[in-house]
K.L.:
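If you scroll down you'll find the structure; I have some questions about it.
Predicted model, so just to flag it, every value in this text is computed and none were measured.
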Amino acid sequence: MLDIQIFRENPDLVRQSLQRRRQDISPVDQVIDLDQKRRALLQRVEGLRAEKNQASKAIGQSQDPGERQEKIADMKTLGVELEELETELKDLEPELEALLSTFPNLVDDRVPEGADESENQVMKTVGEKPEFDFQPQPHWDLGPALGILDFERGVKLSGTRFYILNGIGARLQRALVSFMLDSHTGHGYEERYTPFMVKEEVVYASGQLPKFADNLYHDHEDDFWWVPTAEVPLTSLHKDEILNEEDLPISYTAYTPCFRREKMSAGREVRGIKRGHQFDKVEMYIYCRPEDSEAQFLRMQADAERICLLLDLPYRVNNLCTGDLGFAAAYTSDIEVWAAGCGEWLEVSSVSNTRDFQARRAAIRYRPDGGKKTHFVHTLNGSGLALPRVMIAVLENNQQKDGSVVIPEVLHPWMGGVEVIEPL
RNA sequence: GGAGGGAUGGCCGAGUGGACGAAGGCGGCUGUCUUGAAAACAGCUGUGGGUGUUAAAGCCCACCGGGGGUUCGAAUCCCUCUCCCUCCGCCA
């Protein structure tokens, strides 16, 4: 949510940001118009209320029955007028709120111009792509051959874009989850286990609603929303709270499954486990003071990169361009790992600074030490990392000529002695 | 799912139609006293919005779980929803 103050004082800031995102700027004037109407109305309503409060008090104190009756009659007529204006105001406020909630975050100056993901900027590339003296297989061949990936039964249970992990495959994913969580908790993140179904207001707070409802699963009977990322519950952990400055920054990590309809990308990338309706992810989330969010962003990005380094996966870091930048983000870095079998860079992490955008929606504030006024915190989120794509890279990059796959050493503590996955 | 009881400020807890943004206590902050601390005493101590200002003060409005209603006037009466507690049922 953008601060309404920006629309009053510097609406060009919003217009420029929208233009950079290649979006229509006309809603800016609608907001300004509605805001002016609202404030004019509010002042009239509050004036009448003040008058009413004063008169009611006088009635209570008055001893003269005639005077009382006269004043009560006056207040009855005032009440009618007040009621009309209040109704008008009650219609106007949600209208303004609804409109304001559709504005994406202001784009940071450093975000490169671009229409879509093809114009993202590669900031750095780390590690060497593995070399093979044979033709490396993509995971959709490798997985079934190893007996750890079963597409047919996934489809039988749930349809396209679902799969089953078998035996050591399931264990590998579990090992990756544990490895990532332990890495993050070792670097100052507190682990949280959260609900995977949440209320509408929780999905709204992090910015997925109201605009992106069609990418979410929703239970109509009880009005639950299935989380598309742990960012959603982690944002609302401190919803409606006023935090102490001394407690900041607060850093969380959480493992959750993620549920997405993927309507937008119907038909795209249906092969393999790269894009499914359900996938697992370890997420990082930070609440901090505004002046610290830049440093916390770099910290979080380093924490995501560390996972790639420890797994020995070649990766690159992209600065997302304006056209690819998410709704809540001011700026975002994506991390992509190289997968040798399918020959692709796979996005495994997205680290974003949302500044006070989510904090406003979720009403998360802090009180500076010794200060009276509260301020909104800044929040950051980042994947650390998304499981299926890490699985793809681990399998494809560590395959050998005989079809076996060598498990990275850092995962051995969780693999129950298995160091190589042998083909069936 | 059934029956009953609850929800008040950071916490505890009073308040059944006007003097209540809300007694009292605890906690916190400031001051006096003290070499310092403790104790004692005094004062202050919620959030959001509007207006105002260089900034502030001030003034006004709203908020006693959420929404709606009755009334000149609601923490207080009525309806409804949510959540919590107790008992029964069911269950990993």
K.L.:
When you compare the side chains of A/Tyr255 and A/Asp280, does any donor N or O come within less than 3.5 Å of an acceptor on the partner?
P.N.:
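Yes, side-chain donor-acceptor contact under 3.5 Å.
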
K.L.:
Take the protein atom CZ of A/Arg367 and the nucleotide atom P of B/G10, then report the distance between them rounded to whole Å.
P.N.:
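Atom CZ in A/Arg367 sits about 9 Å away from atom P in B/G10.
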
K.L.:
In whole angstrom, what separates A/Ile4's CD1 from B/G48's C1'?
P.N.:
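Result: 15 Å.
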
K.L.:
For A/Ala386 versus A/Phe279, what's the shortest heavy-atom pair and its separation?
P.N.:
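It is CB-CE1, 4.4 Å.
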
K.L.:
Please tabulate the protein-to-nucleotide N/O contacts below 3.5 Å involving nucleotides 75-84 of chain B, giving atom names and distances.
P.N.:
none

K.L.:
Are any of the side-chain nitrogens in A/Glu95 or A/Arg38 under 4.0 Å away from the carboxylate oxygens of its partner?
P.N.:
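Salt bridge flag = no for A/Arg38 with A/Glu95.
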
K.L.:
May I ask you to say whether A/Asp3 pairs ionically with A/Arg360, meaning some side-chain N is under 4.0 Å from a carboxylate O?
P.N.:
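A/Arg360 and A/Asp3: salt-bridged.
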
K.L.:
Grab the CG-C1' distance between A/Leu48 and B/C72 for me, whole Å please.
P.N.:
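For the pair A/Leu48 CG and B/C72 C1', the rounded distance is 14 Å.
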
K.L.:
Quick one: ring pair (Phe, Tyr, Trp, His ring centres under 6.0 Å) pairs with a partner in residues 76-107 of chain A, sequence neighbours left out?
P.N.:
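Checked against ring pair (Phe, Tyr, Trp, His ring centres under 6.0 Å) - neighbours excluded - the pairs reaching residues 76-107 of chain A are A/Phe7-A/Phe103.
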
K.L.:
Does the pair A/Asp12/A/Arg15 count as a salt bridge with the N-to-O cut at 4.0 Å?
P.N.:
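Counted as a salt bridge, because a side-chain N and a carboxylate O are separated by less than 4.0 Å.
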
K.L.:
In which stems does RNA chain B show up, taking only runs of three or more Watson-Crick or G-U wobble pairs whose two distances fall under 3.5 Å?
P.N.:
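Expected stems, ordered by start: B:1-7 with B:82-88, B:10-12 with B:24-26, B:27-32 with B:40-45, B:46-51 with B:58-63, B:65-69 with B:77-81.
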
K.L.:
In whole Å, measure the gap between the P atoms of B/G18 and B/A74 for me.
P.N.:
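To the nearest whole Å, 11 Å.
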
K.L.:
Report yes if a side-chain nitrogen or oxygen of A/Asn53 is closer than 4.0 Å to either non-bridging phosphate oxygen (OP1 or OP2) of B/A62; otherwise report no.
P.N.:
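Yes, such a contact exists.
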
K.L.:
Mind checking the C1' distance from B/C85 to B/G9? Whole angstroms is fine.
P.N.:
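These two C1' atoms come out 22 Å apart once rounded.
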
K.L.:
Any luck finding a side-chain donor-acceptor pair between A/Gln19 and A/Gln23 under 3.5 Å?
P.N.:
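A/Gln23 and A/Gln19 do not have a side-chain donor-acceptor pair below 3.5 Å.
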
K.L.:
With rounding to the closest Å, how many angstrom separate the P atoms on B/G73 and B/G1?
P.N.:
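Here B/G73 and B/G1 have their P atoms 38 Å from each other.
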
K.L.:
For B/G48, take OP1 and OP2 only and decide whether either is under 4.0 Å from a side-chain N or O of A/Arg365.
P.N.:
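It does, given that an N or O in the side chain of A/Arg365 lies less than 4.0 Å from OP1 or OP2 of B/G48.
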
K.L.:
Could you tell me the separation between the CG atom of A/Asn244 and the P atom of B/G27, rounded to a whole number of Å?
P.N.:
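Spelled out: CG on A/Asn244 to P on B/G27 is 18 Å.
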
K.L.:
Ion pair present between A/Glu344 and A/Lys274, side-chain N to carboxylate O less than 4.0 angstrom?
P.N.:
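Result for this pair is yes, salt bridge flagged.
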
K.L.:
Determine the contact category for A/Ala55: base if any of its heavy atoms lies under 4.0 Å from a base atom, sugar-phosphate if only primed atoms, P, OP1 or OP2 are that close, otherwise nothing.
P.N.:
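Nothing: the residue A/Ala55, judged by heavy atoms under 4.0 Å, touches no strand.
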
K.L.:
Below 4.0 angstrom, N of the basic side chain to O of the carboxylate: do A/Arg192 and A/Glu190 qualify?
P.N.:
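Result for this pair is yes, salt bridge flagged.
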
K.L.:
Send over the distance from A/Arg38 CZ to B/G50 C1', rounded to a whole Å.
P.N.:
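For the pair A/Arg38 CZ and B/G50 C1', the rounded distance is 8 Å.
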
K.L.:
Could you label the plane-to-plane angle of the A/Trp225 and A/His218 rings as parallel, tilted or perpendicular, counting under 30° as parallel and over 60° as perpendicular?
P.N.:
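Ring orientation, 0 to 90° scale: parallel.
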
K.L.:
Taking the side chain of A/Ile242 as its heavy atoms from C-beta onward, which of B/G49, B/G73, B/U47 lies nearest to it?
P.N.:
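That would be B/U47.
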
K.L.:
Mind listing the residues from residues 82-99 of chain A sitting with a heavy atom below 4.0 Å of RNA chain B? Number order is fine.
P.N.:
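Heavy-atom contacts with RNA chain B come from A/Lys90.
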
K.L.:
Check the phosphate of B/G48 against A/Thr374, side-chain N and O only, distance under 4.0 Å to OP1 or OP2. Yes or no?
P.N.:
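The answer is yes; a side-chain N or O of A/Thr374 sits under 4.0 Å from OP1 or OP2.
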
K.L.:
Round to the nearest Å and state the distance from A/Asp74 atom CG to B/U71 atom P.
P.N.:
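One finds 17 Å between P of B/U71 and CG of A/Asp74, rounded.
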
K.L.:
Go through B/G73, B/G46, B/G49 for me and flag the one nearest to the A/Ser56 side chain.
P.N.:
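So the nucleotide nearest the side chain must be B/G73.
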
K.L.:
A/Lys199: which residues meet the salt bridge (Lys or Arg N to Asp or Glu O under 4.0 Å) condition with it, sequence neighbours left out?
P.N.:
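Testing A/Lys199 for salt bridge (Lys or Arg N to Asp or Glu O under 4.0 Å), a comparison that skips the adjacent residues, returns none.
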
K.L.:
In whole Å, measure the gap between the C1' atoms of B/A39 and B/G52 for me.
P.N.:
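The answer is 45 Å between these two C1' atoms.
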
K.L.:
Name the residue from A/Asn105, A/Thr379, A/Asp108 that meets the side-chain hydrogen bond (donor to acceptor under 3.5 Å, both in side chains) definition with A/Arg355.
P.N.:
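So the option named by the test is A/Asp108.
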
K.L.:
Does A/Arg68 make a side-chain donor-acceptor contact with the base of B/G18, cut-off 3.5 Å?
P.N.:
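Checked by distance alone, the answer is yes.
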
K.L.:
A/Lys76 has a side chain; which of B/A19, B/C72, B/G49 sits nearest to it?
P.N.:
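Closest nucleotide among those given: B/C72.
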
K.L.:
If we ignore hydrogens and angles and just use 3.5 Å, is the side chain of A/His378 paired with the main-chain N or O of A/Arg289 as donor and acceptor?
P.N.:
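No; judged by distance alone, with no hydrogens or angles, the pair does not exist.
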
K.L.:
Each nucleotide N or O in nucleotides 51-53 of chain B that has a protein N or O under 3.5 Å away: list the pair and distance.
P.N.:
unit_1	atom_1	unit_2	atom_2	d
B/U51	OP1	A/Arg39	NH1	3.3

K.L.:
Please indicate whether A/Gln30 has more than 12 foreign heavy atoms, meaning atoms of other residues, nucleotides or ligands, lying under 6.0 Å from its CD.
P.N.:
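More than 12 heavy atoms, drawn from other residues, nucleotides or ligands, come within 6.0 Å of this atom.
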
K.L.:
Out of B/U47, B/C72, B/G49, which nucleotide sits closest to the side chain of A/Ile59?
P.N.:
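Of the candidates, B/C72 comes closest.
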
K.L.:
In whole Å, I'd like the distance from the CD atom of A/Glu81 to the C1' atom of B/C72.
P.N.:
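After rounding, the reported distance stands at 15 Å.
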
K.L.:
When you check the gap from the basic side-chain N to the acidic O, do A/Arg275 and A/Glu262 get nearer than 4.0 Å?
P.N.:
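Between A/Glu262 and A/Arg275 there is a salt bridge, with a charged N closer than 4.0 Å to a carboxylate O.
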
K.L.:
Please say whether the positively charged group of A/Arg306, taken as NZ for Lys or CZ for Arg, lies over the ring of A/Tyr189, i.e. under 6.0 angstrom from the six-membered ring centre and within 45 degrees of the axis.
P.N.:
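Because its charged atom misses either the 6.0 Å distance or the 45° angle limit, A/Arg306 does not stack over A/Tyr189.
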
K.L.:
Can you check the A/Glu46 CD to B/C60 P distance for me, whole Å?
P.N.:
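Interatomic distance, CD of A/Glu46 to P of B/C60: 12 Å.
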
K.L.:
If each of A/Gly60 and A/Ala50 is mapped to the nucleotide of RNA chain B with the nearest heavy atom, which maps nearer the 5' terminus, i.e. the 5' end?
P.N.:
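Looking at RNA chain B, the more 5' nearest nucleotide goes with A/Gly60.
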
K.L.:
Using the P atom on both, measure B/G65 against B/G6 and round to a whole Å.
P.N.:
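Rounded to whole Å, the distance is 14 Å.
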
